[in-house]
Amino acid sequence: MNPAVGFFDSGIGGLGVARAFLRLRPDARVFYVADWEHCPYGGRPDSEILDRVRLICSRLESLGSRVIVMACNTASAVALRQMRRERPSVRFVGMEPAVKPAAAAAAARGRRAVGVLATAHTLRGGLFRETSARHASGIKVVAAEGKGFVELAESGDLCSADARETVRRVLAPLLEAGCDPIVLGCTHYPLLLPLLRDEAPGVEFVDPAEAVARRAAALWDEIRVGSEPNAGGGR
Ligand code: DGL
């Protein structure tokens with residue numbers, strides 16, 4: 001039987017990553033966990049998020065997942081390194097804000113700042129701070145917490161006046177700073193793209209889902225052809 005690939009998120013956000021993966025590998029066996037009872041993760045203590053991630057990864061591994069995609073930036077910020085240590089037989093793929101391609105795009109079009117929208121956990125996490133320092137040299141990184149965005153996406157409220165106001169309020173400091181592109185550092189945020197584009201006309205939004213899906217597909221290919229599970233650069 002083909003090894004499975006497990007995906008999880010606090011809710012529906014990570015489905016965009018799973019869908020991108022299935023476009024690349026339609027024959028893969030895939031499991032998806034939406035941890036609705038604990039959604040949103042943002043605002044919860046790290047220890048609680050880590051406990052949830054442990055439980056979900058254990059379940060996904062017991063179902064035969066040899067690759068687990070943390071299709072959640074928040075969970076990745078809190079638990080990715082720990083899970084790699086605790087479950088060496090699984091290949092983990094995490095999400096981190098795509099600062100590198102965004103900084104390159106900003107430089108190419110003569111911009112001086114990129115924006116990053118994410119949860120507070122992601123913004124204060126080591127993954128984000130390290131990638132910003134490593135990849136944004138010369139380009140200013142302006143971060144903003146997408147307060148209320150996960151709730152809007154989960155409730156399907158993508159066009160009310162309140163939703164528009166929430167998006168406008170969060171985007172304001174990024175637009176004032178001249179950020180372009182703006183990185184979507186939470187897998188729920190692409191669901192708000194029509195509103196985001198309306199409120200920031202002409203600004204490019206970067207969604208790392210495709211890149212993460214390609215990484216997961218490469219790891220799944222390796223495992224499928226029977227290569228050493230712990231070899232390679234995905235860990
Ligand atoms: N999709 C999650 C992320 O990428 C949502 C976080 C949350 O549940 O607050 O960060």
Side-chain angles (χ1 to χ4, degrees), residues 9 11-17 19-20 23 40 42 71-74 76-77 94-125 127-215:
D9 181 31
I12 58 174
L15 283 171
V17 185
R19 200 167 36 233
R23 273 197 296 270
C72 173
N73 293 73
T74 306
S76 303
M95 308 283 309
E96 58 186 90
V99 174
K100 184 182 179 181
R109 67 174 82 144
R111 301 286 182 155
R112 304 247 284 276
V114 297
V116 177
L117 287 172
T119 66
H121 281 277
T122 300
L123 295 176
R124 66 169 181 260
L127 281 178
F128 171 62
R129 281 186 282 114
E130 283 160 27
T131 36
S132 299
R134 222 179 324 133
H135 297 306
S137 44
I139 302 284
K140 193 168 161 201
V141 178
V142 184
E145 183 187 345
K147 244 195 164 105
F149 281 18
V150 172
E151 289 84 348
L152 288 176
E154 286 288 334
S155 68
D157 177 3
L158 307 178
C159 57
S160 70
D162 280 356
R164 189 171 291 280
E165 186 46 39
T166 301
V167 165
R168 191 175 293 154
R169 196 175 327 119
V170 168
L171 279 178
L174 303 185
L175 298 182
E176 248 161 58
C179 296
D180 184 14
I182 294 175
V183 176
L184 301 177
C186 167
T187 52
H188 278 79
Y189 298 176
L191 293 162
L192 298 173
L193 263 173
L195 259 189
L196 288 162
R197 289 198 177 115
D198 260 15
E199 295 301 322
V203 170
E204 186 197 345
F205 288 91
V206 179
D207 174 5
E210 300 286 337
V212 171
R214 279 196 299 275
R215 180 72 195 133

Original post:
What's the shortest heavy-atom distance between Cys186 and Val150, and which atoms?
Top reply: SG-CG2, 4.0 Å
**OP:** Please report the closest heavy-atom contact between Leu191 and Ala153, naming both atoms and the distance.
**Re:** CD1-CB, 3.9 Å
**OP:** With the side chain counted from C-beta on, respond yes when Asp207 and Tyr189 share a heavy-atom pair under 4.5 Å apart, and no when they do not.
**Re:** no
Original post:
How many angstroms lie between atom CG of Asp9 and atom CG of Leu15, to the nearest 0.5 angstrom?
Top reply: 8.0 Å
**OP:** For the residue pair Val116 and Val99, establish whether any side-chain heavy-atom pair is separated by less than 4.5 Å.
**Re:** yes
Original post:
Can you check whether Arg124's main-chain N or O pairs, donor with acceptor, with Arg129's side chain at less than 3.5 Å?
Top reply: yes
**OP:** Please round to the nearest 0.5 Å and tell me the distance separating atom CG of Asn73 and atom CD of Glu96.
**Re:** 9.0 Å
Subject >> Derivation and outcome, side-chain contact (heavy atoms from CB on, under 4.5 Å), residues Glu154 and Glu151 >> reply: CA-CA 5 Å; Glu154 286 288 334; Glu151 289 84 348; 5.9 Å; no
Subject >> Main-chain N/O of Ala71 paired to Thr187 side chain as donor or acceptor, under 3.5 Å >> reply: yes
Original post:
Rounded to the nearest 0.5 Å, how far apart are CG of Leu171 and CZ of Phe205?
Top reply: 5.5 Å
**OP:** Considering non-hydrogen atoms only, spot the tightest contact between Ala113 and Ala177 and give its length.
**Re:** CB-O, 3.8 Å
Original post:
Do the side chains of Leu184 and Leu196 get nearer than 4.5 Å, heavy atoms only?
Top reply: yes
Original post:
Any side-chain heavy-atom pair from Leu195 and Leu158 closer than 4.5 angstrom?
Top reply: no
**OP:** Could you walk me through whether Val167 and Asp198 pass the side-chain contact (heavy atoms from CB on, under 4.5 Å) test, one step at a time?
**Re:** CA-CA 10 Å; Val167 165; Asp198 260 15; over 6 Å; no
**OP:** Run through Arg109, Lys140, Arg112 and flag the one making a salt bridge (charged side-chain N to carboxylate O under 4.0 Å, His left out) with Asp180.
**Re:** Arg109
Original post:
With a 4.5 Å heavy-atom cut-off, do Arg23 and Glu210 have their side chains touching?
Top reply: yes
**OP:** Find the distance between CG (Leu152) and CG (Asp162) and round it off to the nearest 0.5 Å.
**Re:** 8.5 Å
**OP:** Measure from the side-chain N and O atoms of Ser76 to the backbone N and O of Met95, and report whether any donor-acceptor pair falls under 3.5 Å.
**Re:** yes
Original post:
Can you name the closest pair of heavy atoms from Ala118 and Gly185 and give their distance?
Top reply: CB-O, 3.5 Å
**OP:** Given side-chain contact (heavy atoms from CB on, under 4.5 Å), test Leu175 with Val203 step by step and report yes or no.
**Re:** CA-CA 9 Å; Leu175 298 182; Val203 170; 4.2 Å; yes
Original post:
How far apart are the closest heavy atoms of Leu123 and Phe128, and which atoms are they?
Top reply: O-CD2, 3.2 Å
Subject >> Straight-line distance of Glu204 CD to Arg197 CZ, nearest 0.5 Å >> reply: 9.0 Å
Original post:
When rounded to the nearest 0.5 angstrom, what is the spacing between SG in Cys72 and NE2 in His188?
Top reply: 8.0 Å
**OP:** Of all the heavy-atom pairs spanning Gly42 and Thr74, show the shortest one and how long it is.
**Re:** N-CG2, 4.4 Å
